[in-house]
Amino acid sequence: MSLVLALIGSAWADRLYWTAPPSPADIDAAERTLPGASAMSLDALVTGTAPTSDPGPALDTLRRELDSVRPLVKEFDGELQIMARLAKATADVEALRNPDDTELLWEALCFQGFAVHRYFGDRLGTDPAATPYRVGSGADAQVAAWIDAAALFGPREPRKEDIPEDAQRLAFDGVRAMVQVMPAASLAVGQLASGATLMLDGRVVDTRAQVRTLMVPGRHFLEVRVGDTVLLRGDTRLGGGSTMSAEAPFGPAEREALAKMVGEGAGWTVPAAAMLPITGAGEPVYLAQPGKGHPRLVRVDRGTAETIAIVMPAREQSPLAVHVALGGGWVSTGDFFLQNVESGAPYDESSVNAFAPALSADGEWRAGLFAASVGATALLATGEFHSLTTGDSSTSAFVYPHAGVGLTYVQATIGPMFPWYLGVGGKARAAVWEGLEVSAGGVYGLPLEIARSGSDPAFTPQPAYAAWGGVGWGFE
């Protein structure tokens with residue numbers, strides 16, 4: 001059988017490991033991007049299968065129980081209490097931290113086995129009540145507690161206080177003889193984390209030799225730790241000829257190396273030591289580096305780090321918006337030629353067409369896709385002969401204050417177009433990036449008759465045409 005450092009998920013869910021404590025903004029960003037993911041510290045990848053419980057209380061209880069039941073050998077059927085109480089106390093022990101713990105368990109198992117053999121005697125292999133306390137049945141039955149004691153120390157001589165009477169000491173000698181001829185179990189050590197110590201039954205195993213450690217079949221305790229960090233812990237019962245393997249390649253040093261890789265972005269190969277606990281999850285695994293609301297997030301369970309784009313928070317759209325734009329366009333009217341021909345305006349199309357820088361701004365109210373707006377666009381015709389006489393002066397400016405109605409991206413417009421027109425047109429805009437926009441518009445200037453003073457006839461201008469485009473910014 002194999003004891004391997006691995007993560008076993010009880011349900012399918014993304015796993016997210018933070019390389020450092022995240023801020024609330026980082027947590028919000030991760031939850032938007034990976035909703036429902038189980039988030040934890042990267043340390044949990046190191047100690048994913050190591051029990052969090054302290055083995056000390058169980059061993060303390062065993063010590064108290066052993067001291068408490070020793071005097072029961074003098075009571076009638078005291079063996080029943082001894083075997084029942086010690087069976088529970090020894091079963092609750094899940095780890096041996098040092099040789100003293102192993103010695104305590106050995107003494108308890110020897111004394112428990114003494115009570116079992118003393119009470120059942122020749123009925124050990126046949127009495128149904130002895131079933132929990134024996135290995136095998138019939139004439140081949142053996143005291144289970146003594147088998148486990150032999151697994152801890154091999155064919156070792158028990159102390160007088162642990163097996164007080166000669167009949168039981170003789171029976172224990174039979175167990176010692178039997179374990180010496182049983183096929184041995186063995187421990188095969190795989191890759192361990194940097195600085196790791198492997199302990200078998202409370203004693204340090206020299207892993208430098210790279211050879212199998214032979215063991216007496218029975219219950220054995222295994223632990224791998226780096227300093228105070230337990231990477232792997234377990235106890236199991238081995239049969240003759242079986243092999244237990246231990247592998248825990250990912251420890252604190254490997255964790256620090258992996259955390260640094262996350263800061264490098266994506267595209268790097270996940271170290272083999274880290275892939276063991278990562279693939280053991282059986283689920284998508286992500287690593288995250290805090291970033292003040294913009295964490296770096298990479299997926300690693302497929303062997304190569306893959307960048308995951310952070311989902312930005314949805315913005316609540318305001319019903320009001322302001323848009324400004326700057327660009328250029330074209331203005332055309334026959335009055336450019338008619339009013340400037342005496343000044344030398346040429347007899348060609350250039351006299352009625354002018355390039356015009358344009359500036360526009362508007363305020364907008366929105367409800368879904370529907371939008372209504374008020375705004376103004378100003379164009380300044382350029383060129384020597386592109387001005388119009390207005391009273392005692394002249395102007396090259398065409399100003400179009402207007403109201404608009406339509407959709408958020410295209411609207412029909414209407415309003416006065418100075419100096420002499422009723423403007424009818426349209427405008428459109430499209431978002432490029434965040435608030436950046438491109439916009440365009442056009443207007444037809446319907447000429448309005450202008451009354452003159454005295455007996456002079458009314459002035460009827462020529463129609464005007466304008467179109468423009470530009471870039472701008474939207475404010476919500």
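The closest side-chain heavy-atom distance from L96 to L59 is below 4.5 Å. V262 is not listed as a side-chain neighbour of E264, based on a closest heavy-atom distance of 4.5 Å or more. Here the side chains of V471 and E437 are not in contact, with every heavy-atom distance at 4.5 Å or above. Between L320 and R366 there is no side-chain heavy-atom pair separated by less than 4.5 Å. In this structure the side chain of V204 reaches within 4.5 angstrom of the side chain of T197, judged on heavy atoms. With a 4.5 Å cut-off on side-chain heavy atoms, T413 and T377 do not count as touching. M417 is listed as a side-chain neighbour of V443, based on a closest heavy-atom distance under 4.5 Å. Residues M244 and L200 form a side-chain contact, since some pair of their non-hydrogen atoms from C-beta on lies under 4.5 Å apart.
Side-chain contact annotation: Y400 with S360, donor-acceptor N/O pair under 3.5 Å absent. Checking K260 against T19 by side-chain atom types alone, no donor-acceptor pair falls below 3.5 Å. A donor-acceptor pair shorter than 3.5 Å can be found between the side chains of D201 and H220. Residues T243 and S186 have side chains that bring a donor and an acceptor to within less than 3.5 angstrom of each other. Checked by atom type, the side-chain pair S194/E254 shows no donor-acceptor distance below 3.5 Å. For the 3.5 Å distance criterion, the side chains of D26 and S23 qualify, holding a donor opposite an acceptor.
Checked by atom type and distance alone, the side chain of W18 never pairs as donor or acceptor with a backbone atom of L42 at under 3.5 Å. Checked by atom type and distance alone, the side chain of D14 never pairs as donor or acceptor with a backbone atom of L34 at under 3.5 Å. Between the side chain of S68 and the main chain of R64, no donor-acceptor pair closer than 3.5 Å is present. Between the side chain of T304 and the backbone N or O of G267, no donor-acceptor pair lies under 3.5 Å. Of the possible donor and acceptor atoms, one in the side chain of H386 sits under 3.5 Å from a partner among the backbone N and O of S350. Judged purely by atom type and a 3.5 angstrom limit, R225 uses its side chain to pair as donor or acceptor with the backbone of G227. Using a distance-only test at 3.5 Å, with no hydrogens or angles considered, a donor-acceptor pair links the side chain of S351 to the main chain of P346. Proximity of a side-chain donor or acceptor of T90 to a complementary backbone N or O of L86 within less than 3.5 Å is detected.
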- Do R63 and E65 pass the salt bridge (charged side-chain N to carboxylate O under 4.0 Å, His left out) test, and can you show the C-alpha distance, the side-chain angles, and the key distance before you say yes or no? CA-CA 6 Å; R63 181 175 290 103; E65 285 287 79; over 6 Å; no
Let's go through L238 and M215 carefully: what are the C-alpha distance in whole Å and the side-chain angles of both, what is the deciding distance for side chain to side chain contact (heavy atoms under 4.5 Å, CB included) to 0.1 Å, and is it a yes or a no?
CA-CA 9 Å; L238 299 176; M215 302 174 288; 3.4 Å; yes
Checking R255 against D43 for the salt bridge (charged side-chain N to carboxylate O under 4.0 Å, His left out) test, could you report, in this order, the C-alpha distance in whole Å, the side-chain angles of both residues, the deciding distance, and whether it holds? CA-CA 7 Å; R255 175 219 178 278; D43 291 336; 2.7 Å; yes
Working for side chain to side chain contact (heavy atoms under 4.5 Å, CB included), residues L198 and E223: CA-CA 6 Å; L198 185 148; E223 182 174 285; over 6 Å; no
* Working for side chain to side chain contact (heavy atoms under 4.5 Å, CB included), residues L105 and L62 -> CA-CA 8 Å; L105 182 58; L62 177 60; 3.9 Å; yes
Practice item. Mind running side chain to side chain contact (heavy atoms under 4.5 Å, CB included) on V298 and Y286 for me, showing each step along the way? Key: CA-CA 6 Å; V298 294; Y286 301 84; over 6 Å; no
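Using a cutoff of 4.0 Å between basic side-chain nitrogens and carboxylate oxygens, D28 and R32 are not scored as salt-bridged. Using a 4.0 Å cut-off between charged side-chain N and carboxylate O, D235 and R219 make a salt bridge. Look at R203 and D101 and you find no salt bridge, because none of the NZ, NE, NH1 or NH2 atoms lies under 4.0 Å from a carboxylate O.
Applying the salt bridge (charged side-chain N to carboxylate O under 4.0 Å, His left out) test to D301 and every residue at least two apart in sequence or in another chain returns R299. Residues forming a side-chain hydrogen bond (donor to acceptor under 3.5 Å, both in side chains) with N353 (at least two apart in sequence, or on another chain): W330, S332. By the side-chain hydrogen bond (donor to acceptor under 3.5 Å, both in side chains) test, S396 is found to be paired with no residue, residues two or more places apart in sequence or in another chain being considered.
Within the model, atoms CH2 of W420 and OG1 of T395 stand 8.5 Å from one another, a figure rounded to the nearest 0.5 Å. With values rounded to the nearest 0.5 angstrom, T102 atom OG1 is found 9.0 Å from L104 atom CG. Atom CD1 of I414 and atom CG of L422 lie 5.0 Å apart (nearest 0.5 Å). One finds the CZ atom of R15 at 9.0 Å from the CG atom of L45 (value rounded to the nearest 0.5 Å). Here the OG atom belonging to S439 is positioned 9.0 Å from the CG atom belonging to D362, to the nearest 0.5 angstrom. Atom CZ of residue F221 and atom CD of residue E94 lie 9.0 Å apart, to the nearest 0.5 angstrom.
In terms of heavy atoms, S343 sits closest to F385 at O-CE2, 3.3 Å. When every heavy atom of A193 is checked against every heavy atom of F250, the shortest pair comes out as CB-C, 3.9 Å. Contact between A356 and V331 at its shortest, heavy atoms only, is CB-CG2, 3.8 Å. Pairing each heavy atom of P271 with each of L258, the nearest pair is CD-CD1, 4.0 Å. Residues T333 and Y421 come closest through the heavy atom pair OG1-OH, 3.9 Å. Residues A467 and L379 approach most closely at O-CD2, 4.3 Å, considering heavy atoms.
For the pairing with S373, the side chain to side chain donor-acceptor pair (under 3.5 Å) check across E364, H402, Q411 returns one residue only, Q411.
The neighbour count for Y409 OH, taken as heavy atoms of other residues, nucleotides or ligands under 6.0 Å away, does not exceed 12. Other residues, nucleotides and ligands place more than 12 heavy atoms under 6.0 Å from the CD atom of E449.
Between F398 and F418, a ring centre-to-centre spacing not shorter than 6.0 Å is recorded.
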